[in-house]
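A, B, ... follow the sequence lines: proteins, then strands. Residue 1 opens every chain.
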There are 2 protein chains.
Amino acid sequence: MSPARKEESMAQGGALGGGARREAEHDGGSAPTREVVRRPGRTNATRLKIFEASLSLIGERGHHAVTVDEIAAAAGVSKGSVYYNFGSKSDLIGQLLRFGTDILLDRLQSAGTPSSDPGSAATLSEVSPTEAEPAGPPSGTPDVARDRLAHMVRAALRFVDEYPAFAQLWISEMWHAPSDWRDVLVELRGEVLGVVRSAVGDVFRERGHADGDLPAGTVDVTASAVFGATLILAQDRQVFAVEHGVDVCVRTVLGCLDAVPPAG
Amino acid sequence: MSPARKEESMAQGGALGGGARREAEHDGGSAPTREVVRRPGRTNATRLKIFEASLSLIGERGHHAVTVDEIAAAAGVSKGSVYYNFGSKSDLIGQLLRFGTDILLDRLQSAGTPSSDPGSAATLSEVSPTEAEPAGPPSGTPDVARDRLAHMVRAALRFVDEYPAFAQLWISEMWHAPSDWRDVLVELRGEVLGVVRSAVGDVFRERGHADGDLPAGTVDVTASAVFGATLILAQDRQVFAVEHGVDVCVRTVLGCLDAVPPAG
DNA sequence: CTAATTGAACTGACCGGTCAGTTTGAATAA
DNA sequence: TTATTCAAACTGACCGGTCAGTTCAATTAG
């Protein structure tokens with residue numbers, strides 16, 4: 001919710017600034033989106049305000065139930081400005097998806113790298129050590145890859161807490177058969193799943209599995225399952241005010257990996 | 001997709017036909033919807049056609065993108081007839097949610113009971129025994145509760161294959177903060193989760209856990225995670241044509257339970 | 001100067017919901 | 001049997017409102 005928060009994220013997120021306007025509407029080439037040389041100053045501020053406003057409105061009410069006029073009003077800009085910066089409502093949403101996903105990817109990635117991120121490192125110390133170490137079938141191994149994955153799940157949970165609106169948007173759009181943004185969505189899903197898959201692969205490797213070791217598709221399925229379970233758990237906490245403790249969630253999700261034995 | 005298929009399901013589903021209409025709708029009085037004694041014959045046929053049409057249309061394009069006119073046309077009835085049988089578009093969707101959930105519940109329940117269901121029993125014999133029995137941390141225990149849960153996951157996967165449209169509708173509506181059908185949704189979620197939770201509880205008990213044994217919330221979280229992972233996995237198969245093998249999916253999802261050790 | 005923004009009016013399509021009227025089939029009357 | 005009646009079931013044209021998108025002259029800022 002906090003605007004300041006998002007502005008930061010946007011700054012670091014990098015990839016999102018995207019193109020300026022795009023006329024010559026949809027037609028064939030879905031995204032020519034030429035990379036106009038924008039004036040550095042104000043420009044992004046407006047785009048940012050529009051992003052924020054639409055993220056929260058669309059997130060909580062669904063994009064169909066939100067009008068462009070409302071978005072403009074909430075962002076404190078004119079309707080014309082919305083169309084100047086984004087060519088259409090549809091494009092706006094597409095870029096919004098990209099925007100949010102970049103933040104998520106960033107969080108996942110920094111949660112998945114051993115370095116950096118002192119904040120969550122502190123938080124981590126509660127995950128495995130606590131609870132009398134009841135997790136993971138292999139008894140006393142280092143489990144560094146597993147901890148990294150735990151970090152990622154935790155980060156995802158936190159992300160949804162922070163941007164419930166985006167999670168909502170993602171969920172309701174991602175599994176639509178014929179939606180605009182289908183291409184974007186497929187790409188975004190691929191990116192996110194890629195990150196998760198890589199972390200999952202590390203865990204399996206850590207447990208002594210060779211690359212061709214486990215049944216076909218195991219890594220992919222596990223990554224999807226981990227991601228899906230995390231997403232649904234996180235949304236449940238949000239929407240139904242279920243108080244699923246974070247630790248329990250992390251442990252449970254990680255359990256998916258335990259279906260495959262340590263490979264003796 | 002096959003209309004015949006759905007009609008069958010409706011017939012067997014039992015709980016859903018609900019006989020005539022279920023008026024006295026949402027109290028609020030918005031729909032006086034008289035308590036009419038419906039004529040037995042034709043009545044349900046029309047409602048059924050409307051159900052089918054809207055399920056497939058709404059499922060694949062989202063309820064906002066589907067007009068009542070379209071539904072009527074697809075059902076081969078007039079628009080007025082839709083309003084005659086259901087008071088409003090919103091009511092129609094609410095009843096659709098109820099309709100589909102009843103089928104799902106039915107499937108889950110019959111998959112979760114040891115008796116009956118020869119068809120899936122046959123299918124079962126491929127789940128655990130196959131794959132060189134690589135599942136479950138406790139080595140050679142009976143695992144009957146676990147098998148039952150596996151049955152349920154399998155049934156859910158099959159359900160989504162059969163009614164992808166409904167799964168889509170469920171996913172995109174379930175986690176909306178302020179939607180109509182909020183009440184219905186909360187109730188439906190509770191019912192489904194209840195069934196899963198009970199099965200999950202059995203598994204834990206089977207592993208020697210007492211009722212107060214495991215950390216607070218474990219059963220609930222596990223149930224949510226199992227359900228969430230299954231749903232997302234199933235939809236992924238549908239929407240992105242990912243060929244996640246059913247067996248791998250079942251095994252992975254069941255893994256969530258392995259996060260909690262057998263409790264020595 | 002030029003890029004960015006405003007605000008307000010306007011268009012045109014679309015859509016949920018209504019309603020006066022028609023069809024249907026069964027019960028009743030002749 | 002045939003005619004009449006009744007109401008449930010159904011029809012589809014129509015209305016009123018909404019909303020994405022357009023246009024443009026005026027204004028501001030770099």
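- Among the nucleotides D/dG21, C/dG17, D/dT11, the one closest to any side-chain atom of B/S78 is D/dT11.
- Comparing D/dC10, C/dG16, C/dA4 by their closest approach to the side chain of A/Y84 singles out C/dA4.
- Using a cutoff of 4.0 Å between basic side-chain nitrogens and carboxylate oxygens, B/E70 and B/R61 are scored as salt-bridged.
- Comparing C/dT5, D/dC10, D/dA20 by their closest approach to the side chain of A/D69 singles out D/dA20.
- Rounded to a whole Å, the CD1 atom of B/I71 is 11 Å from the P atom of C/dG17.
- A donor atom on one side chain and an acceptor atom on the other are not found under 3.5 Å apart for B/T101 and B/W170.
- Across all strands shown, B/V82 has no heavy atoms under 4.0 Å from either base or sugar-phosphate atoms.
- Contact annotation: B/T46 reaches the phosphate of D/dC10 (side-chain N/O to OP1 or OP2, under 4.0 Å).
- Under 3.5 Å, the side chains of B/H63 and B/E173 contain a donor-acceptor pair of N or O atoms.
- For A/K79 against D/dG21, a side-chain N or O and a base N or O form a donor-acceptor pair under 3.5 Å.
- Separating the CG atom of A/D180 from the P atom of D/dG21 is a distance of 10 Å, rounded to the nearest angstrom.
- Within the structure, side chain to side chain donor-acceptor pair (under 3.5 Å) pairs that include any residue of residues 188-198 of chain A comprise A/R98-A/E191, A/R189-B/D236, A/R197-A/D220 (at least two apart or interchain).
- Ranking C/dA3, C/dG16, D/dT22 by closeness to the A/Y83 side chain, first place goes to D/dT22.
- Counting non-hydrogen atoms under 4.0 angstrom, B/S81 reaches a base of the nucleic acid.
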